[in-house]
Amino acid sequence: MPRNTRRTRAENRRLRFGPAISTVTRMAERILLVEDDARLAEMLSEYLGGAGFRVVHVGFGAAALERLAAEPCDAVVLDLMLPDMDGLDVCRQLRTKSDAPVLMLTARGDATDRIVGLELGADDYLPKPFAPRELLARLRAILRRRGNGTSSEAPLCFGRLEIDRAARTLRIDGAERMITSYQFALLVALAENAGRVLSRDTLMDLVKGEALEAFDRSIDVHVSRIRAAIEDDAKHPRRIITVRGAGYVFAKAQE
Amino acid sequence: MSHLHTRFFLTLLGSLAAFALGGIAFMHIDDGSRVVHVVHSFIIFPALALCIGIATYPLTRRLLRRLERLEQAVDALGAGDLSARVAVEGKDEVARLAQSFNRAAGRIEDLVVAHKRLLANASHELRTPLARVRLAVELMGESADPKRKAGLDGDIAELDQLIDEILLASRLDAVASPDTDEEVDLLALAAEECARYRDVRLDGVRAVRRGDPRLLRRLLRNLLDNAQRHGAAPIEVRLMRCGDTAEIVVADHGPVIPDNQAAHLFEPFYRRNASGQVSGAGLGLSLVRQIARRHGGEAHYRATAAGNCFVVTLPLDVPVLSA
Ligand SMILES: Nc1ncnc2c1ncn2[C@@H]1O[C@H](COP(=O)(O)OP(=O)(O)O)[C@@H](O)[C@H]1O
Ligand SMILES: [Mg+2]
């Protein structure tokens with residue numbers, strides 16, 4: 001009999017959603033889900049519920065604003081296209097009523113794709129069809145950032161990967177991964193320059209200030225350690241890519 | 001006096017009548033002398049012309065003004081101002097022309113707005129169900145066969161890509177101006193796209209230019225996807241610089257495409273083997289070319305001794321074209 005059929009429900013859940021930190025250590029966080037597609041909303045509620053969130057669903061922008069006035073929530077997941085109002089307007093009005101972080105669901109190719117981050121005040125956005133795990137990672141990231149206090153640096157999110165520069169932690173699917181602080185600095189330098197080729201010299205310059213632990217090791221060794229921590233398959237890296245004769249590039253589009 | 005021709009006719013008639021009256025008055029002082037004769041022949045015709053001219057001047061001037069305004073509106077519409085309309089004055093032919101122009105312009109504006117709205121919504125409408133499917137796959141959890149799940153994920157990605165291509169094709173036609181203009185590191189982009197495949201070899205030099213990163217990614221992805229699906233391993237990607245032009249080459253080792261087929265490769269919906277199992281809408285290469293041109297470059301096919309090559313040239317210091 002294959003081993004995985006004997007897993008307990010809790011184990012299955014952990015596999016699917018990562019560690020259920022929120023259910024164990026604090027009260028379930030309340031998520032206001034504003035989505036007009038009833039079936040998607042139902043499934044999202046089930047999924048987020050399974051990950052330990054309490055989900056309240058409304059299908060209209062006006063209802064969302066009412067609901068928010070009636071009872072506070074910890075975060076809002078907001079669809080960009082609603083039958084009664086533009087999601088952008090909802091977001092703007094929401095901002096005046098509450099400081100709960102907003103995760104906006106858009107569709108790739110929307111012109112709004114690009115404006116969203118810039119002007120709307122949504123804390124993050126995710127194009128449909130999103131990978132459910134990425135939604136979770138981003139939701140947790142915006143909640144955590146809110147918890148850390150607003151002054152801290154925003155975490156960098158790349159797909160299911162989250163780099164929290166303020167807390168100096170690294171997570172995949174919400175599960176923390178350990179690397180040394182030098183490696184963390186290296187990763188931040190790479191991630192802050194995602195989509196650009198960085199030569200080894202440039203990288204060394206970028207992390208110069210860091211305490212030189214293990215100075216005998218080359219950049220390549222550190223990179224392979226980081227890869228072991230963040231790549232799904234370290235033999236075929238998709239996040240930190242070697243460019244022959246040029247250096248490394250941190251991928252901009254990740255899963 | 002509603003019609004233009006009756007107005008002209010009446011004006012002419014009026015001026016002729018005025019002229020005839022003047023002529024009759026002049027006849028009375030005709031004493032048969034040469035002087036009067038000369039005066040007659042030198043004055044009659046210019047006076048006739050002057051009379052007609054003076055009588056019709058306000059009419060033609062007004063007419064010309066209205067036609068000019070109409071012309072301006074047509075020009076504005078042609079230049080892309082879809083809200084251009086002309087004021088309709090009176091009930092003559094010009095007024096009717098203005099009315100039909102306004103009707104046509106209104107219809108064009110409606111159609112374009114509808115088209116834009118369709119494009120804006122289509123992405124969302126098509127991707128919401130796709131998001132549902134993706135969630136459903138995730139919700140199946142451990143109970144489902146991992147292989148089948150991976151297959152489903154692949155199908156979803158393929159559908160997503162197809163939606164992207166179809167919407168992009170109509171968007172590039174409908175929207176002239178580029179959405180984004182950012183600095184793009186072409187080598188980094190190529191490295192990232194090549195890393196999606198197991199054994200694609202990349203050789204290249206740094207090349208940075210401004211452009212739409214999403215479109216340039218799509219360009220590379222389409223070429224790589226084609227090499228993978230229609231060509232044969234090994235696949236090589238080269239990024240070179242020749243002066244102020246970057247050249248991206250995607251080469252594979254499949255059998256060379258015959259000339260008569262190669263001529264059609266970049267046409268929308270063209271597929272060499274439409275009945276084959278390899279799916280695709282045939283939009284990939286036409287998008288590659290459209291994207292290259294939008295960035296001031298070009299896309300070509302080239303047969304080599306080793307196999308097939310697709311070459312994209314992109315000027316490095318030219319701003320994104322807006323046409
Ligand atoms: N690398 C290649 N090797 C052989 N044939 C190719 C290659 N790339 C494209 N083609 C041919 O050109 C056609 C058009 O390509 P494309 O526009 O990308 O459409 P699609 O990939 O959807 O069929 C393909 O159907 C294929 O027959
Ligand atoms: Mg193709």
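A, B, ... follow the sequence lines: proteins, then strands. Residue 1 opens every chain.
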Comparing Leu126(B), Val137(B), Leu130(B), Thr128(B) against chain A, the one with the most heavy-atom pairs below 4.5 Å turns out to be Thr128(B)
Whatever's closer than 4.5 Å to a heavy atom in chain B on Leu135(A) counts as neither
Considering residues, nucleotides and ligands other than Arg200(A), do more than 12 of their heavy atoms fall under 6.0 Å from its CZ? yes
Bottom line for Tyr248(A): the part with an atom under 4.5 Å from chain B's heavy atoms is neither
Between Gly195(A) and Asp185(B) the two heavy atoms that sit nearest each other are O-CB, 3.4 Å
dist Glu46(A):CD -> Leu139(B):CG (nearest 0.5 Å) comes out at 4.5 Å
Separation between CG (Leu48(A)) and CG (Leu135(B)), nearest 0.5 Å, reads 8.0 Å
Whatever's closer than 4.5 Å to a heavy atom in chain B on Ala253(A) counts as both
Looking only at Ala157(B), Cys194(B), Pro213(B), Ala131(B), the option with the highest number of non-hydrogen pairs under 4.5 Å against chain A is Ala131(B)
Requested in this report: Mark yes when over 12 heavy atoms from residues, nucleotides or ligands other than Glu255(A) sit less than 6.0 Å from its CD; otherwise mark no.
Outcome: no
Residues Arg134(B) and Ala131(A): closest non-hydrogen pair is NH2-CB, 3.5 Å
- request: Might you confirm whether atom CZ of Arg132(B) has over 12 heavy atoms from other residues, nucleotides or ligands at distances under 6.0 Å?
  value: yes
Cut-off 4.5 Å, heavy atoms of chain B, and the answer for Val243(A) is side chain
### Message
Main chain of Lys252(A), side chain of Glu192(B): is a donor-acceptor contact present, judged purely on distance under 3.5 Å?
### Response
yes
Evaluate Asp79(A) against His124(B) for side chain to side chain contact (heavy atoms under 4.5 Å, CB included), listing each step before the verdict.
CA-CA 10 Å; Asp79(A) 190 33; His124(B) 214 86; 2.9 Å; yes
Cut-off 4.5 Å, heavy atoms of chain B, and the answer for Asn193(A) is neither
Okay, Ala246(A) and chain B: the region with an atom under 4.5 Å from a heavy atom over there is side chain
Practice task
Apply side chain to side chain contact (heavy atoms under 4.5 Å, CB included) to the pair Asp203(B) and Arg244(A), showing each step before the final yes or no.
Solution key: CA-CA 7 Å; Asp203(B) 267 307; Arg244(A) 265 193 315 131; 3.0 Å; yes
For this session: Check the surroundings of atom OH in Tyr197(B): do more than 12 heavy atoms from other residues, nucleotides or ligands lie under 6.0 Å from it?
Result: yes
Are more than 12 heavy atoms from other residues, nucleotides or ligands located less than 6.0 Å from atom CZ of Arg302(B)? no
When the 4.5 angstrom heavy-atom criterion is applied to Leu189(B) and chain A, the contacting part is neither
Shortest non-hydrogen pair, Ile241(A) vs Ala195(B), comes out as CD1-CB, 3.7 Å
The interface call for Arg217(B) against chain A, heavy-atom contacts under 4.5 Å, is side chain
Taking every heavy atom of Lys128(A) against every heavy atom of Arg127(B), the minimum-distance pair comes out as O-CD, 3.2 Å
The interface call for Ala190(B) against chain A, heavy-atom contacts under 4.5 Å, is neither
Whatever's closer than 4.5 Å to a heavy atom in chain B on Leu40(A) counts as both
